[in-house]
Amino acid sequence: MTDKSKRINIDARSYTMILALVAIWVIFTALTGGGFLTPRNLSNLIRQMSITAILAIGMVLVMVAGHIDLSVGSVAGFTGALAAIMQVNYGWSTPMTIIVTLGVGLLIGLWQGFWIAYQGVPAFITTLSSMLVFRGAILLVTKGVTISPLSDSFKLVGQGYISPSISIILGIVGGILYLIFEMRSRQAKMKYGIDVSGWNAGIMRIIGVLLLISLFVGIMISYEGIPIPVLIVLGLVIVMTFIANNTTFGRYVYAIGGNREAAAYSGVNIKKTNMTIFLIMGLLSALAGIVLTSRLNAATTSAGTGFEMDAIASAIIGGTSTLGGVGTVPGAIIGALVMASIDNGMSLMNIDYSILTIVKGLVLVLAVWMDVSTKKRTV
């Protein structure tokens, strides 16, 4: 199969996921009497999605390289608990608390990367062990009790909003940056003889993205503005997409997942790359823990439970292959939106949590089946 046909296949799957997301929104809007698509609920939805999205962004790199990380939920809960202890028990400032918490996340990533990259322990076993270790560590550091309340400045990380006027400015800046990026990307492809879509298709895509940006900002300012956690996610999407597509490290990640032996023969430093992947995952898990604790205004013993399933499901739904070598950060965000939409819509309908868990499990199986079926057709 040619590169062009593969690209068409990947694009088709991405569009299918977008259509599925739209269908979910339409169904829940009908079932909730229009309550699902109110500005307030949509704002709550994307803020709810932000924690899963942060973890899913890191999970994309992990899975593209052919690994899995089962510890992200426990690590997020543990680092969030440490942040609460620093704030409540020791009175640390918000900046210092955030810096130290992120540092702990890096250390955890270093620990896991050491065993996976340099000792050859499979990521499944290493992260399963860490999941148990840090779930127990949460109980140890919190002594089994909820730790709260946190400082007002720390709560802004998970609960704050960007004012409507600044939100509009950010939307305009985002649109301009997208135009510049799109034009430069097109020029670069033409320079090196890479196939590009026709001008009509390119213009339609640009108009579509600009309309989505305008719609997003319009909905957000109809409530209170862009939530700060969402702004964090958008920043991560831009940075991590650039890293994945435009850096040597990003190319190495995809090379390892696509064909590990070929990557090794090509001179790729597999150990160093795997270590870096888990350092990033540890950092993002800590960031998710900060946002979670800030949003709840407390650290609880059950914090982060099940987050690993949501992150993995989001990545897979967004097109990341369970077999490695394929996946995108924007796709994982779409997957996170799908998972959060199911959660939010069923909550609005007052459906029992046990049913919600069953539905999310079935969605995960369906997503994996689609991935395996697509992989078989492209071989």
Side-chain angles (χ1 to χ4, degrees), residues 9-10 12-32 35-37 41-42 44-46 48-60 62-64 67-74 76-77 124 127-128 131 135 288 292 302-324 326-378:
N9 185 66
I10 292 170
R13 179 170 180 176
S14 299
Y15 292 138
T16 300
M17 289 300 101
I18 293 174
L19 291 175
L21 177 63
V22 172
I24 290 171
W25 285 18
V26 170
I27 292 171
F28 280 129
T29 299
L31 294 176
T32 58
F36 184 84
L37 283 183
N41 187 63
L42 288 177
N44 290 334
L45 168 64
I46 62 173
Q48 173 186 349
M49 173 272 297
S50 61
I51 298 172
T52 300
I54 292 171
L55 295 174
I57 288 170
M59 193 64 70
V60 168
V62 172
M63 294 182 67
V64 165
H67 302 298
I68 197 74
D69 192 339
L70 300 177
S71 69
V72 293
S74 296
F124 179 87
T127 58
L128 175 62
M131 179 181 73
R135 183 54 55 189
L292 172 64
S302 61
T305 301
F307 281 16
E308 56 280 342
M309 191 276 281
D310 286 345
I312 294 169
S314 297
I316 295 173
I317 291 171
T320 302
S321 174
T322 55
L323 305 176
V326 177
T328 65
V329 171
I333 302 304
I334 296 174
L337 268 174
V338 169
M339 295 297 290
S341 297
I342 294 172
D343 198 337
N344 180 273
M346 295 184 74
S347 296
L348 285 177
M349 295 171 61
N350 293 319
I351 294 177
D352 189 83
Y353 180 77
S354 59
I355 303 299
L356 170 61
T357 303
I358 292 172
V359 170
K360 290 168 74 173
L362 292 175
V363 168
L364 177 57
V365 171
L366 179 62
V368 174
W369 172 76
M370 288 179 61
D371 168 51
V372 173
S373 299
T374 302
K375 197 78 172 180
K376 286 180 178 177
R377 287 196 297 268
T378 57

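This chain uses plain numbering: 1 for the first residue, then up along the sequence.
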Under the side chain to side chain contact (heavy atoms under 4.5 Å, CB included) test, residues paired with [X] that sit two or more places apart:
X    : answer
L31  : I27, M349
V26  : V22
T357 : Y353
A56  : S314, A332

Between [X] and [Y], which heavy-atom pair has the shortest distance, and what is it?
X    : Y    : result
F36  : L45  : CZ-CD2, 4.0 Å
M49  : A340 : CB-CB, 3.6 Å
I312 : M59  : CG1-CE, 3.8 Å
I316 : M63  : CG1-CE, 3.6 Å
V60  : T320 : CG2-OG1, 3.7 Å
S341 : W25  : OG-NE1, 2.7 Å

Subject >> Listed once per pair and sorted, the salt bridge (Lys or Arg N to Asp or Glu O under 4.0 Å) pairs that draw on residues 16-32, sequence neighbours left out >> reply: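 Non-adjacent pairs meeting salt bridge (Lys or Arg N to Asp or Glu O under 4.0 Å): zero.
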
Subject >> Residue pairs passing the salt bridge (Lys or Arg N to Asp or Glu O under 4.0 Å) test where at least one lies in residues 348-363, sequence neighbours excluded >> reply: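 Pairs touching residues 348-363 that pass the test: D310-K360, D343-K360.
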
First locate atom [atom1] of [X], then atom [atom2] of [Y], and finally report the distance between them rounded to the nearest 0.5 Å.
X    : Y    : atom1 : atom2 : result
I24  : L19  : CD1   : CG    : 11.0 Å
M309 : T52  : CE    : OG1   : 9.5 Å
R135 : S74  : CZ    : OG    : 4.0 Å
L21  : I317 : CG    : CD1   : 10.0 Å

Original post:
Which is it for L356 and I342 under the side chain to side chain contact (heavy atoms under 4.5 Å, CB included) test, yes or no, and what are the steps along the way?
Top reply: CA-CA 8 Å; L356 170 61; I342 294 172; 4.0 Å; yes

Subject >> From CA spacing to verdict: side chain to side chain contact (heavy atoms under 4.5 Å, CB included), F28, L348 >> reply: CA-CA 9 Å; F28 280 129; L348 285 177; over 6 Å; no

Original post:
Has the side chain of T328 got a donor or acceptor atom that lies under 3.5 Å from a matching backbone atom of G331?
Top reply: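 Yes, the answer is positive, given that a donor and an acceptor are paired below the 3.5 Å cut-off.
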
Original post:
Does L70 offer a backbone N or O that forms a donor-acceptor pair with the side chain of T127 under 3.5 Å?
Top reply: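 Looks like yes, one N/O pair under 3.5 Å.
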
**OP:** Any chance you could lay out the side chain to side chain contact (heavy atoms under 4.5 Å, CB included) test for L55 and E308, step after step, and finish with the verdict?
**Re:** CA-CA 8 Å; L55 295 174; E308 56 280 342; over 6 Å; no

Subject >> Student check: side-chain heavy atoms of I46 and L337 closer than 4.5 Å >> reply: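 Result yes, sub-4.5 Å side-chain heavy-atom pair found.
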
**OP:** Consider only side-chain N and O atoms of N44 and N344, and report whether a donor and an acceptor are under 3.5 Å apart.
**Re:**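 Distance-only check fails for N44 and N344.
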
Subject >> Sequence neighbours excluded - side-chain hydrogen bond (donor to acceptor under 3.5 Å, both in side chains) pairs with any residue from residues 331-340 >> reply: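 Applying side-chain hydrogen bond (donor to acceptor under 3.5 Å, both in side chains) to every pair that reaches into residues 331-340, excluding sequence neighbours, yields nothing.
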
